[in-house]
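Contents: one structure, followed by commentary.
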Amino acid sequence: MDSELDHRIALALLEWQLELGADEAIGEAPVNRFAAARLTPQQSPARPRQAGVAGDAAAGAQSAATADPVAEARRAAAAAGSLEELDTALRTFAHCPLKRGAKTTVFADGNPAARVMIIGEAPGRDEDIRGRPFVGRAGRLLDRMFAAIGLARDSADSASALYITNILPWRPPQNRDPTPEEIALLLPFVTRHVELAAPGMLVLMGNISCQALLGRRGITRLRGNWAQALGRPALPMFHPAYLLRNPAAKRAAWNDLLMLQARLKEEK
Ligand code: URA
């Protein structure tokens, strides 16, 4: 086979894999599957260590089977006396399998003194690479939406600042929805995060955030209505990723942004 044809076949195979949803290479070294298929189980090499954030020594030591991972999460979160300690507690928490597939732990971004704290769902591919929440396409839309009412994550003034986190600090494989078990396991960290940042109000971005903090889904009905979550006013909104797919819903999102702005003015 000439090398030009070789090249085009390789490219077509790669594009086919992308269409199937494989959007990243996980192994660090190439594996010759033809050679591997010819080996007996005894001859098979040990699997290479997976890339991810779970491999550090502290995590390894902690990963010994724990009877109740949720109780362990509660204990670790409650022991954190500051946002920095909570960040460290998450990075060394070894009882969530999602961590194994993630490149980074995505803790938060913005100004922790902000009056408004946004809680999204989970990091996507861009966030996993950069270690910050909402930095991909949806994040850029989120920044534009909040800039329209004078709020920004890089504002030093708490009155016009945003603080941003997610229910999950680790990217689920293929960006799938988190399971109820994963949400329950990580909820103590989100709860402590909100306690420590102590924002005046929360914005719950999309269904996963509403499910975790209000115990309800159905963002189309929930959005635009103030609720209470973790003892604070909480406004459910359409997730910016949803708005990218459904631009007609931007009108409702604008309405919600104006509601948020009005409440911030009222409670100055
Ligand atoms: N979607 C989210 O919910 N959070 C992110 O950080 C990025 C995309």
Side-chain angles (χ1 to χ4, degrees), residues 21 23-24 52-53 83 86-87 90-91 96 98-99 101-112 114 116-147 151-154 161-180 182-187 189-191 193-194 197 199 201-214 216-220 222-223 227 229-230 234-247 249-250 252-253 256-257 260:
D23 59 0
E24 61 191 317
V53 288
L83 291 170
L86 188 67
D87 187 351
L90 262 173
R91 285 173 204 280
C96 181
L98 286 177
K99 191 177 194 176
K103 290 186 173 61
T104 55
T105 298
V106 178
F107 183 65
D109 197 19
N111 181 343
V116 177
M117 180 167 178
I118 298 177
I119 306 188
E121 174 184 330
R125 184 173 173 274
D126 295 312
E127 290 76 18
D128 186 36
I129 291 170
R130 293 175 54 190
R132 291 168 58 205
F134 283 104
V135 291
R137 252 183 101 214
R140 286 194 290 280
L141 175 58
L142 178 141
D143 285 339
R144 287 203 302 279
M145 286 162 61
F146 284 86
L151 302 181
R153 64 173 101 189
D154 60 2
L162 289 172
Y163 187 54
I164 308 175
T165 190
N166 283 309
I167 298 293
L168 263 60
W170 298 295
R171 180 193 182 197
Q174 308 302 322
N175 293 344
R176 65 157 170 75
D177 278 356
T179 64
E182 288 161 352
I183 293 176
L185 179 59
L186 293 161
L187 200 54
F189 291 101
V190 181
T191 305
H193 204 156
V194 172
M201 50 199 83
L202 301 172
V203 173
L204 308 181
M205 280 300 181
N207 262 324
I208 299 299
S209 178
C210 290
Q211 180 186 336
L213 296 176
L214 302 176
R216 279 181 289 158
R217 286 179 80 107
I219 190 67
T220 309
L222 291 170
R223 62 141 286 274
L230 305 176
L235 185 62
M237 282 187 64
F238 282 135
H239 194 288
Y242 176 82
L243 297 176
L244 287 171
R245 294 191 302 272
N246 301 278
K250 285 185 182 170
D256 300 346
L257 287 168
L260 178 67

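Ligands are counted one by one from 1 in listed order, and the atoms in each one are counted from 1 as well. Small disclaimer: the values here were computed from a predicted structure and weren't measured.
Within the set R132, H239, M205, E127, the minimum heavy-atom distance to atom 7 (C) of ligand 1 is found for E127.
Using modelled atom types, no side-chain atom of N111 and backbone atom of L162 make a donor-acceptor pair closer than 3.5 Å. Not a single donor-acceptor pair under 3.5 Å links the side chain of T105 to the backbone N or O of R91. Side chain of E127 to main chain of G136: a donor-acceptor pair is present (N/O by atom type, distance under 3.5 Å, no hydrogens or angles).
Y163 and H193 have perpendicular rings, their planes meeting at more than 60° on a 0 to 90° scale where under 30° would count as parallel.
Remark: I183 CD1 to I167 CD1 distance equals 7.0 Å, nearest 0.5 Å.
Residue contacts with ligand 1, taken as heavy atom pairs separated by less than 4.0 Å, involve A122 solely via the backbone atoms N, CA, C and O. Under 4.0 angstrom from ligand 1, the non-hydrogen atoms of P133 come from both its backbone and its side chain.
Closest protein heavy atom to atom 4 (N) of ligand 1: N166 OD1, 2.8 Å.
Numbered from 1 in the order shown, with element, the atoms of ligand 1 that lie under 4.0 Å from a heavy atom of G120 read 3 (O).
Any N or O atom pair closer than 3.5 Å counts here, and A138 shares no such pair with ligand 1.
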